[in-house]
Student: 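Could you have a look at this structure, given as structure tokens, before my questions?
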Amino acid sequence: MDYSKLADMLFPDVSMTPEDMEKRYPERNLPEGAKVTRIAPSPTGFFHFGGLFPATVAERLAHQSGGVFYLRIEDTDSKREVEGAAEFITKILGYYGLNFDEGVTADGDKGDYGPYTQSQRVDIYHVYAKQLVRDGRAYPVFSTDEELDELKALDKKAEIKSVDWENEAQARREAMLKRREFTMEQVEAELAAGHRFALFAAADGDPEKKIKITDLVKGTLEIPENDEDVVLLKSDGIPTYHFAHAIDDHLMRTTHVIRGEEWLPSLPKHVMLFRYLGFRLPKYMHIAQLMRLDENGNKKKLSKRDMGANLDDYRRMGYSVDAVNEYVMTLLNSNYEEWRMQNPDKSRLEFPFSIKKMSASGCLFDIEKLNDVSKNVISKMTAAQVYDGVTEFAKTEDPDFYETLRADRAYAESILSIGRGGAKPRKDFALWADVKPYMSFFYDKYFTRQDEMPAGKDAADIKSALEKFVETYDENDDQTAWFEKCKDIAEQIGYARETKLYKKEPEKYKGHVGDVAAFIRVAVTGRQNSPDLYEVIKILGKSKTTERIAGQIKLL
RNA sequence: GGCCCGUUGGUCAAGAGGUUAAGACACGGCCCUUUCACGGCUGUAACAGCAGUUCGAAUCUGCUACGGGUCACCA
């Protein structure tokens, strides 16, 4: 068969050659060892939490080596595309600090290797499609519109489950071989009839033979050669992932392809395609999937519908960007936590990220661990940083609290300063959403008496203690002087000055100074638990404290 | 079912022939403490199984089991 003629018939409008492409997208001029990586999402309007893992690896590897990290939008499936999804993606990547050097931005493409949206690269794909036909490595398969509709209607997932594997494999093989047989006249007739074609690559592999390929995280893989004809172009002329991957990652000069391990089974196809196209194979890194536990206690891939699968949920739940990134790093590099302990104040960007420290196996998402990491992250922030974080969160998730915080920033920050900044800071918050319940009693509009006075105490004693407290309270007292007064009050109502004294001889006293503190705490905060009472009262101020205590006394 | 990947405490994991098999989270106990939140000390808990190589195996090899992924004109 005259493949050159076939190529011209199939792609009459393609005049450029692969050589032209090489000239248009030359090798990058980068220092030795610089890595070029990418993140290549589909614009579905949904960013998977698990997507943060390969994205983080790609970003770190590129920027740590003085290379390039770019964003490519893989919109080859128009059925799944969602309006505005590309903007959403750039926004959320920016939110999580994954800053790319090239790619699709709100102001158009940035970089010399574009377009960075696959639907705008159709001409480029067709250059190589034509070349493969000319080489006798690709062939057309014609379909009528009806047949296409049938294909589209197939529920592939449901079909796979009920398949008779042995017969199916045989039938597929026969169908494949049959598709490869056609004459030039048939092609001419189909084209004349206006039928559309999909372009297939003719596989030349022998599945009995294995090829060895090194994956940077999995190690040396032995995979069978590909013997399955791969769809290159769909009937609408748009490439499949496989074809676009080979061409784009070559022309954009990607050095490291970092993606989820669900791609591992199609690696033989990609290896074949790179060979057919005469491209050098990039280095591959297949990252294990993030798992969840199903109702039977088995690990399952964290899929779109699962709780916590949507990255944007974490912002809505009130996790800080730093906490999420920190957690991701602990899972990506096994020595990250150790490094963090030794370098508590450094940016995670200073961590020497290493491919060797990545795990080959998939891990279970652990929200307890995320919470712990998050508490540590927030405990190291200043009051101002916490204020900013919680305010930003409340802006969309709790407008009323947002207004409250904004009304008096200094007041809010003084509350958030309690127990912050020292060597052993408080760790009250895993989420921004935890802040409001923690500090709500400082605001009259949120204040409620949610806890009772300690059980078994005489109301008259409580009342007496509270009255004495109001009488003796002096805003100028330091913490020691303040607590001495509490001890005095304890003594006056027949309670022990020290908790230890009471524990030694409980029969001698009605209670101890801790009880007195509890009376005051409940009266002032409405709770049995609160941050340091001395600080709380100081921030609340004398008049409000007095008012709260008066309110309590009425209830006794 | 074929192919591929994986398997050290409940979870994340260190470990690369000789270790009392780290550490973190979670859980329990004790201490500190005016409550809470911290902090300190401490405890429970693991090499999937079976063969083989070796003086010696969590580490090497093979098989089995289990778990996961994938088998679209989706990505």
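In the text below, chain A, chain B and the rest are named by the order of the sequence lines, each starting its count at 1. Keep in mind it's a predicted model, so treat the numbers as computed, not measured.
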Student: Applying side chain to side chain donor-acceptor pair (under 3.5 Å), name anything that partners Ser374(A), two or more places apart in sequence or on another chain.
Tutor: none

Student: Can you check the Phe469(A) CZ to rU34(B) P distance for me, whole Å?
Tutor: 16 Å

Student: Which pairs, protein N/O on one side and nucleotides 35-38 of chain B N/O on the other, fall under 3.5 Å?
Tutor:
unit_1: rU35(B); atom_1: O2'; unit_2: Gln528(A); atom_2: O; d: 3.2
unit_1: rU35(B); atom_1: O2'; unit_2: Asn529(A); atom_2: OD1; d: 2.4
unit_1: rU35(B); atom_1: N1; unit_2: Arg521(A); atom_2: NH1; d: 3.4
unit_1: rU35(B); atom_1: O2; unit_2: Arg521(A); atom_2: NE; d: 3.3
unit_1: rU35(B); atom_1: O2; unit_2: Ser530(A); atom_2: N; d: 2.8
unit_1: rU35(B); atom_1: O2; unit_2: Ser530(A); atom_2: O; d: 3.0
unit_1: rU35(B); atom_1: N3; unit_2: Arg521(A); atom_2: NH2; d: 3.1
unit_1: rU35(B); atom_1: N3; unit_2: Ser530(A); atom_2: O; d: 2.8
unit_1: rC36(B); atom_1: O2; unit_2: Arg426(A); atom_2: NH1; d: 3.2
unit_1: rC36(B); atom_1: O2; unit_2: Arg426(A); atom_2: NH2; d: 2.5
unit_1: rC36(B); atom_1: O2; unit_2: Ser530(A); atom_2: O; d: 3.2
unit_1: rC36(B); atom_1: N3; unit_2: Arg426(A); atom_2: NH1; d: 3.2
unit_1: rA37(B); atom_1: O4'; unit_2: Arg426(A); atom_2: NH2; d: 3.4
unit_1: rA37(B); atom_1: O2'; unit_2: Lys427(A); atom_2: N; d: 2.9
unit_1: rA37(B); atom_1: O2'; unit_2: Lys427(A); atom_2: O; d: 3.3
unit_1: rA37(B); atom_1: O2'; unit_2: Asp428(A); atom_2: OD1; d: 3.4
unit_1: rC38(B); atom_1: O2'; unit_2: Lys424(A); atom_2: O; d: 3.3
unit_1: rC38(B); atom_1: O2'; unit_2: Pro425(A); atom_2: O; d: 2.8

Student: Distance check needed: rC74(B) P versus Ile238(A) CD1, whole Å only.
Tutor: 10 Å

Student: Could you check whether Lys301(A) gets within reach of a base, just the sugar-phosphate, or nothing at all, counting any heavy atom under 4.0 Å?
Tutor: sugar-phosphate

Student: Determine the contact category for Thr76(A): base if any of its heavy atoms lies under 4.0 Å from a base atom, sugar-phosphate if only primed atoms, P, OP1 or OP2 are that close, otherwise nothing.
Tutor: sugar-phosphate

Student: Just the rounded figure in Å: distance from C1' of rA24(B) to CG of Asp372(A).
Tutor: 8 Å

Student: Given atom CZ of Arg172(A) and atom P of rG2(B), what is their separation to the nearest angstrom?
Tutor: 16 Å

Student: Please state how far atom CD in Glu228(A) lies from atom C1' in rG2(B), giving the value in whole angstrom units.
Tutor: 11 Å

Student: Parallel, tilted or perpendicular for Phe351(A) and Tyr336(A), by the 30°/60° rule?
Tutor: perpendicular

Student: For Glu222(A), answer base if it contacts any base atom (sugar-phosphate contacts may also be present), sugar-phosphate if it contacts only those atoms, and nothing otherwise; contact means non-hydrogen atoms under 4.0 Å.
Tutor: sugar-phosphate

Student: Holding to salt bridge (charged side-chain N to carboxylate O under 4.0 Å, His left out), I want the full list of residues that pass it with Arg527(A), two or more places apart in sequence or in another chain.
Tutor: none

Student: Regarding Ser235(A), tell me which of base, sugar-phosphate or nothing describes its non-hydrogen contacts under 4.0 Å with the strands shown.
Tutor: base

Student: List in chain and number order the residues that pass salt bridge (charged side-chain N to carboxylate O under 4.0 Å, His left out) with Asp515(A), two or more places apart in sequence or in another chain; answer none if no residue qualifies.
Tutor: Lys457(A)

Student: Applying side chain to side chain donor-acceptor pair (under 3.5 Å) as the test, list every pair that has at least one member in residues 200-209 of chain A; sequence neighbours left out.
Tutor: Arg137(A)-Asp204(A), Asp204(A)-Arg275(A), Asp204(A)-Tyr276(A)

Student: What string of B, S and - do you get for nucleotides 10-15 of chain B, 5' to 3', when a contact is any protein heavy atom under 4.0 Å?
Tutor: -SSSSS

Student: With under 30° as parallel and over 60° as perpendicular, where do the rings of His512(A) and Tyr502(A) fit, or are they tilted in between?
Tutor: tilted

Student: Carefully, step by step, assess Tyr534(A) and Asp477(A) under the rule side-chain hydrogen bond (donor to acceptor under 3.5 Å, both in side chains).
Tutor: CA-CA 10 Å; Tyr534(A) 170 77; Asp477(A) 286 340; over 6 Å; no

Student: I need the NE2-C1' distance between His270(A) and rC3(B), as an integer number of Å.
Tutor: 15 Å

Student: Is Tyr241(A) stacked on the base of rA75(B) when the test is centres under 5.5 angstrom and planes under 30 degrees?
Tutor: no

